[in-house]
Amino acid sequence: MPARAKLRIATFNVNGIGTRLGHLLAWLEREQPDIVALQELKADDAAFPAADIEAAGYGASWIGQRSWNGVAILGRGVEPVESRRGLPGDPGDTQSRYLEAAVHGVLVGALYLPNGNPQPGPKFDYKLAWMARLARHAASLVDLPHPVALIGDYNVIPTDADVYDPKAWRKDALFQPEVREAFARLLEQGWTDGLREAHGPSTIYTFWDYFRQHAERDRGLRIDHLLLNRAAAKGLHRAGVDRWVRLQQKASDHAPTWVEIARPRSPR
DNA sequence: ATGGCAGGAAAATCCTGA
């Protein structure tokens with residue numbers, strides 16, 4: 001298949017790479033994204049299915065962790081060139097939640113931001129501290145002259161328009177005022193919320209929980225985000241969510257979420 | 001206010017997720 005004119009960048013929380021490998025490979029085959037960030041591998045480094053992903057035509061970098069977390073970056077037809085493993089700012093943080101690599105001319109920061117429930121509590125404190133570290137690191141990337149994308153499962157519901165029932169989520173860590181404000185401040189650095197910008201104001205979700213047929217009834221949340229610096233946002237073309245993946249049997253509770261941008265002039 | 005569902009590791013129940 002020839003490369004499409006635009007570069008498609010996607011993020012997908014697979015909720016277990018072992019269980020979801022079939023879904024992932026079917027999605028890669030059908031949608032042919034150029035760059036992919038994966039979250040919640042829930043597998044250690046040795047369990048990452050690198051051979052299957054290579055056979056599908058993708059190079060990969062990953063940071064695994066047994067049982068929880070774990071992130072990866074895939075490049076269609078290329079090996080990602082890693083620039084960073086882990087988010088700076090806390091050497092004692094052992095959770096596998098951040099990986100950065102250059103792929104197809106884009107610097108990609110792939111992240112799995114902490115959930116933070118229950119709040120208040122130590123997990124919520126960790127979430128806020130992690131967001132502060134992310135903001136500091138993001139500030140060092142936003143003004144780079146080449147395209148940068150900070151993509152992943154942010155575990156942040158940015159606005160009331162990004163949740164099917166704001167009242168039902170009022171006490172959740174994903175929807176706390178300080179979390180939403182931290183996300184808004186991140187955008188104010190100069191990042192563009194790619195999905196919202198290209199899709200427009202109409203409702204669009206990236207996650208639907210497993211309860212009460214929420215996926216089928218489209219009662220979801222928008223918590224997977226693709227933040228683009230100015231060099232990347234300038235070429236923003238369109239964006240979407242591959243909801244068909246979520247509607248399959250035994251699906252992840254997230255759907256792949258993507259943007260298309262202009263291809264950088266001098267890739268690789 | 002609660003619990004509804006799901007994955008992983010361990011072991012037939014727990015922790016975590018969102």
Side-chain angles (χ1 to χ4, degrees), chain A residues 11-25 27 37-49 62-72 93-98 110-131 134 151-180 182-183 195 203-225 241 243 245-257:
Chain A
T11 178
F12 182 21
N13 179 324
V14 293
N15 191 14
I17 187 76
T19 311
R20 224 68 66 192
L21 182 59
H23 286 78
L24 173 63
L25 295 175
W27 170 69
L38 301 176
Q39 304 88 37
E40 283 209 88
L41 302 177
K42 294 185 172 180
D44 60 27
D45 280 341
F48 186 81
W62 62 94
I63 306 184
Q65 185 175 336
R66 178 178 284 259
S67 304
W68 299 302
N69 309 321
V71 293
D93 184 357
T94 58
Q95 300 190 25
S96 297
R97 295 182 177 275
Y98 189 85
L111 63 100
Y112 175 46
L113 206 147
N115 173 305
N117 281 303
Q119 73 79 30
K123 292 188 176 182
F124 191 66
D125 295 340
Y126 174 65
K127 177 175 196 161
L128 293 177
W130 207 94
M131 293 188 83
L134 178 63
I151 65 178
D153 177 357
Y154 277 72
N155 272 315
V156 175
I157 302 168
T159 74
D160 284 7
D162 298 311
V163 49
Y164 66 92
D165 181 359
K167 278 203 286 277
W169 289 80
R170 198 179 73 256
K171 294 184 178 176
D172 196 278
L174 280 63
F175 203 41
Q176 291 312 294
E178 52 267 66
V179 167
R180 296 163 65 175
F183 185 77
L195 178 61
T203 299
I204 188 163
Y205 300 131
T206 69
F207 164 90
W208 302 258
D209 68 31
Y210 289 118
F211 309 124
R212 293 177 291 229
Q213 296 190 295
H214 275 168
E216 292 78 1
R217 297 160 59 206
D218 198 21
R219 293 169 69 78
L221 313 175
R222 189 174 75 94
I223 57 176
D224 300 275
H225 305 302
V241 175
R243 184 160 171 245
V245 177
R246 177 64 181 89
L247 296 172
Q248 294 177 297
Q249 294 298 311
K250 301 291 285 180
S252 166
D253 37 9
H254 297 251
T257 303

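Reminder, nothing fancy here: chain letters follow the sequence lines and each chain counts from 1. Here the structure is a predicted model, which means the values were calculated and not measured.
- Nucleotides dA18(B) and dG3(B) are separated by 14 Å at their C1' atoms, to the nearest Å.
- Residue Arg20(A) places none of its side-chain N or O atoms closer than 4.0 Å to OP1 or OP2 of dA6(B).
- dC14(B) and dG4(B) are spaced 14 Å apart, taking the P atom of each and rounding to whole Å.
- Nearest-nucleotide positions on DNA chain B for Tyr112(A) and Thr19(A) put Thr19(A) closer to the 5' end.
- The side chain of Lys250(A) lies closest to dG7(B), out of dG7(B), dG17(B), dA9(B).
- Regarding Asn13(A), its CG atom lies at a distance of 12 Å from the C1' atom of dA6(B), rounded to whole Å.
- Across the P atoms, dA10(B) and dT16(B) are found 15 Å apart, a figure rounded to whole Å.
- For the residue pair Tyr126(A)/Asn115(A), the side-chain donor-acceptor check at 3.5 Å is not satisfied.
- For dA18(B), the base has no donor-acceptor partner in the side chain of Asn155(A) [N/O atoms by modelled type, under 3.5 angstrom].
- In this structure, a donor-acceptor pair under 3.5 Å is present between the side chains of Asp172(A) and Asn117(A).
- Nucleotides dA11(B) and dC15(B) have their C1' atoms positioned 14 Å apart, rounded to a whole Å.
- Whole-Å rounding puts the Asp165(A) CG to dA1(B) C1' distance at 15 Å.
- Cation-pi geometry between Arg180(A) and Phe175(A) is met: the NZ or CZ atom falls under 6.0 Å from the ring centre, inside 45° of the normal.
- For the pair Gln249(A) CD and dG7(B) P, the interatomic distance rounds to 12 Å; values are reported in whole Å.
- Taking atom CG of Leu113(A) as the reference point, atom P of dG17(B) lies 12 Å away to the nearest angstrom.
- What separates CZ of Arg212(A) from C1' of dG4(B) is a distance of 6 Å, to the nearest Å.
- Here dT16(B) presents its C1' atom at 7 Å from NZ of Lys42(A), a figure rounded to the nearest Å.
- Residue Asn117(A) places its side chain closer to dA18(B) than to any other of dA18(B), dG4(B), dA9(B).
- The nearest heavy atom of DNA chain B to Asp44(A) and to Trp169(A) marks one nucleotide each, and the one closer to the 5' end goes with Asp44(A).
- Just one residue in the list Val163(A), Leu113(A), Ile223(A), Val179(A) forms a side-chain contact (heavy atoms from CB on, under 4.5 Å) with Leu174(A), and that residue is Ile223(A).
- In this structure, the nucleotide among dA1(B), dG4(B), dG7(B) sitting nearest to the side chain of Lys171(A) is dA1(B).
- Picking from dA10(B), dG17(B), dG3(B) the nucleotide with the shortest atom distance to the side chain of Lys123(A) gives dG17(B).
- Going from atom CG of Asn15(A) over to atom P of dA18(B) covers 8 Å, rounded to whole Å.
- Comparing dA18(B), dC5(B), dG8(B) by their nearest atom to the side chain of Tyr210(A) picks out dC5(B).
- Using a 4.0 Å heavy-atom cutoff across all strands shown, Asn69(A) reaches no nucleic acid atom at all.
- Atom name P, nucleotides dA6(B) and dT2(B): the rounded distance is 23 Å, in whole Å.
- Annotation: cation-pi pair Arg222(A)/Tyr205(A) absent, no NZ/CZ under 6.0 Å from the ring centroid and within 45° of its normal.
- With Thr206(A) as the partner, the side-chain hydrogen bond (donor to acceptor under 3.5 Å, both in side chains) test is satisfied by one option alone out of Asp224(A), Asp153(A), Thr11(A), Asp253(A): Asp224(A).
- As a whole-Å value, the separation of Asp172(A) CG from dT2(B) C1' is 15 Å.
- Proximity note for Phe211(A) (side chain, C-beta onward) versus dA18(B), dC5(B), dT16(B): the nearest is dC5(B).
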